[in-house]
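Below is one structure, written out as structure tokens, with a few remarks after it.
Computed from a predicted structure; not experimentally measured. These numbers come from the heavy atoms of this one structure, side chains and all, not from hydrogens, waters or symmetry mates.
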Amino acid sequence: MRPLFSRPRTLRGRLALLALATGAVWVTLLTVAFNVVLSGRLREQADDLLRTRAAAVASTVEARPDGTLLVHEPADDRALDVGVWIYKGKNVVEKPSGAAGLQSWADRLAGRGEVFTDTAKPNATRLYALPVRSGGRQVGTVVASVGLDPYRSTADAVLAGSVGLGLLLLGGVFLVTRTVVGRALEPVGAMSAQAAEWSETGAPTRFGVAGRPTELSALAVNLDELLDRLAAVLRHEQQQTAELSHELRTPLARITAETEWLLARPRDEGEQQTSHAAIAAAAATMRQICETLLSESRTRTAQVPGRCQLADATREVASRSASDHPGAPPVTVHGGAVTAGVSAPVLERILTPILDNARRYARRTVTVSYAQIPGGVEIVIADDGPGVPGAAADAVFTPGRRADPADGHDGAGLGLALARRLARAAGGDITLAAPLASTPGARFVVTLPAG
């Protein structure tokens, strides 16, 4: 049975509960502060009323030289007589009617200085004593009183109203937060479902960051990187399986042929030994192939296979080309931190024929630039040579075909064809792009999966 107050299992529920708890703390603090301030303000109003009433009564009291007090009665003094005592010393000169329960409290204030006091419940009353002075000495006291029940009723009503309003506010905050968070998380759920589908089918589609808020852009980048890593692993495993199948086919065919040859008719001892030696050699070759190709799987580290940093790989290829051909035009590499979804050796085998082609025809320089593109990476190899003639552009990737066989350059016309075959096997391609107006020459564009 699920507990009554268990932690929500969904992120939406947890965020809504967090917002509710935070709102409850703030509403409680604001409610307490508001009611404390209100209570203080109501008390100040009661004190102001007592001071005003006592001062008004004190203005009607005259102290004579013989020590007696003369009270000048105004035309309508009913408002002043309500809850007001006039004392000469400890003796009552005038007192209100119907205030017997407060008489003892008023007597305690007679002869004292300016002071406030409160009576006990249930009929709480606040009293104020104002001295009447003559010749620098106190000759009498005016005591005024006011009931606190109306003020406390107001404070209680405001407290109940603020508590009710706070509860309604918290309920609204919870519902609104739950709704808003739920709608905000809908794109995240959709992205997660798409990522799961793409990772299962190996689709090259990626989320990208266009049109997404900052938080979802960061999530999209991370998901795209995860999908690229999965795609790189899948391509690596497929390539390894294909290589294993291809390499094992020859020794296995040799074993099969030798076995059929032995079974076809009786053989003498020399022929049998030759056949057995051939079968043993083929079996040893198969064992060596298996150990070589599977050793990577047994010793694989946390690094994802089939990935490489273009900055390191392209500079390594350019450096090797410069060392192998010291008199050739220099190769300049441009680009940032970009990861390709192929291994460094495969990338080298793809780029080397294109760089060799650029080296043959470049006059002063060869440029290699790379960048991230949606769903992959792009590498552009450009030279400042004469470029590829329009008539030969369609056949530049045909094995054995050259734009001008009599141009005096080495090469058999196989490099670009093999490079394109490798690129397409890795999930990419190589195309011949139109030359730029500012830099004429050949421009080959290599597209590869992102890593």
- Message: With a 3.5 Å distance limit and no angle check, can you tell me whether Ser321 reaches the backbone of Val317 through a side-chain donor-acceptor pair?
- Response: no

- Atom of Cys308, atom of Ala313 and distance for their closest heavy-atom approach: SG-CB, 4.2 Å

- Query: To the nearest 0.5 Å, what is the distance between OH (Tyr151) and CG (Asp156)?
  - Reply: 15.0 Å

- Message: With heavy-atom distances below 4.5 Å as the criterion, would you say the side chains of Arg133 and Val139 are in contact?
- Response: no

- Message: Any side-chain to backbone donor/acceptor pair from Thr119 onto Thr125? Under 3.5 Å, distance only.
- Response: yes

- Task: Verify, without hydrogens or angle tests, whether Asn35 (side chain) and Thr31 (backbone) share a donor-acceptor contact under 3.5 angstrom.
- Result: yes

- Donor-acceptor under 3.5 Å (Arg112 side chain, Thr141 main chain): no

- Test Leu432 against Leu416 for side-chain contact (heavy atoms from CB on, under 4.5 Å), laying out the working first. CA-CA 10 Å; Leu432 176 64; Leu416 294 178; over 6 Å; no

- Message: Taking Arg349's backbone N and O only, do any of them form a donor-acceptor pair with Thr352's side chain (distance below 3.5 Å, no angle check)?
- Response: no

- Item | Side-chain heavy atoms of Gln45 within contact of Thr154, under 4.5 Å | no

- If you round to the nearest 0.5 Å, how far is CZ of Arg51 from OH of Tyr128? 6.0 Å

- Message: Please check this pair: side chain of Lys90 against backbone of Gly111, looking for a donor-acceptor N/O pair closer than 3.5 Å.
- Response: no

- Straight-line distance of Leu351 CG to Leu310 CG, nearest 0.5 Å: 8.5 Å

- In Å and rounded to the nearest 0.5 Å, what is the CD to CG distance from Glu114 to Leu109? 11.5 Å

- Query: Would a 4.5 Å heavy-atom cut-off, applied to side chains only, mark Val61 and Val93 as touching?
  - Reply: no

- Salt-bridge test for Asp324 and Arg359: reply yes if a basic N is under 4.0 Å from a carboxylate O, no otherwise. no

- Query: Just wondering, do Val92 and Gln103 contact through their side chains at under 4.5 Å, heavy atoms?
  - Reply: yes

- Message: Under a 3.5 Å distance rule, please check whether Thr22 uses its side chain to pair with a backbone N or O of Ala19 as donor and acceptor.
- Response: no

- Query: Rounded to the nearest 0.5 Å, how far does CG of Leu15 lie from OG1 of Thr177?
  - Reply: 9.0 Å

- Message: Determine whether a donor-acceptor pair (N or O, by modelled atom type, separation under 3.5 Å) exists between the side chain of Ser145 and the backbone of Gly83.
- Response: yes

- What's the verdict on side-chain contact (heavy atoms from CB on, under 4.5 Å) for Glu94 and Thr60, showing C-alpha distance, side-chain angles and the deciding distance? CA-CA 12 Å; Glu94 188 175 311; Thr60 65; over 6 Å; no

- Just by distance, do the side chain of Ser319 and the backbone of Arg315 share a donor-acceptor pair under 3.5 Å? no

- Message: Asp384 and salt bridge (charged side-chain N to carboxylate O under 4.0 Å, His left out): which single residue from Arg443, Arg364, Arg363 fits?
- Response: Arg364

- Task: Could you please spell out the steps behind the side-chain contact (heavy atoms from CB on, under 4.5 Å) verdict for Asp47 and Arg126?
- Result: CA-CA 8 Å; Asp47 293 346; Arg126 189 164 178 81; 2.5 Å; yes

- Task: Start with the C-alpha distance between Val158 and Phe34, add both sets of side-chain angles, then the distance that settles side-chain contact (heavy atoms from CB on, under 4.5 Å), and finish with yes or no.
- Result: CA-CA 9 Å; Val158 171; Phe34 173 75; 3.2 Å; yes

- Where Val377 and Ala340 come nearest, the two heavy atoms and their spacing: CG2-CB, 4.0 Å

- Heavy-atom nearest pair, Ile430 first then Val446, reads CG1-CG2, 4.0 Å

- What are the two closest non-hydrogen atoms of Ala362 and Asp383, and how far apart are they? CB-CB, 3.8 Å

- Item | Closest approach of Val333 to Ala318 (non-hydrogen atoms, all atoms of both residues) | CG2-CB, 3.9 Å

- Within a strict 4.5 Å, meaning less than it, do heavy atoms of the Phe444 and Phe397 side chains meet? yes

- Query: Does Tyr370 have any side chain to side chain donor-acceptor pair (under 3.5 Å) partners at least two apart in sequence or in another chain, and if so, which?
  - Reply: none

- Note on the structure: Closest non-hydrogen contact found for Gly101 with Ser104 is O-OG, 4.4 Å

- Drop me the distance from Asp107's CG to Lys95's NZ, to the nearest 0.5 angstrom. 8.5 Å

- Item | Crowding at CZ, Arg421 (>12 non-hydrogen neighbours, <6.0 Å) | no

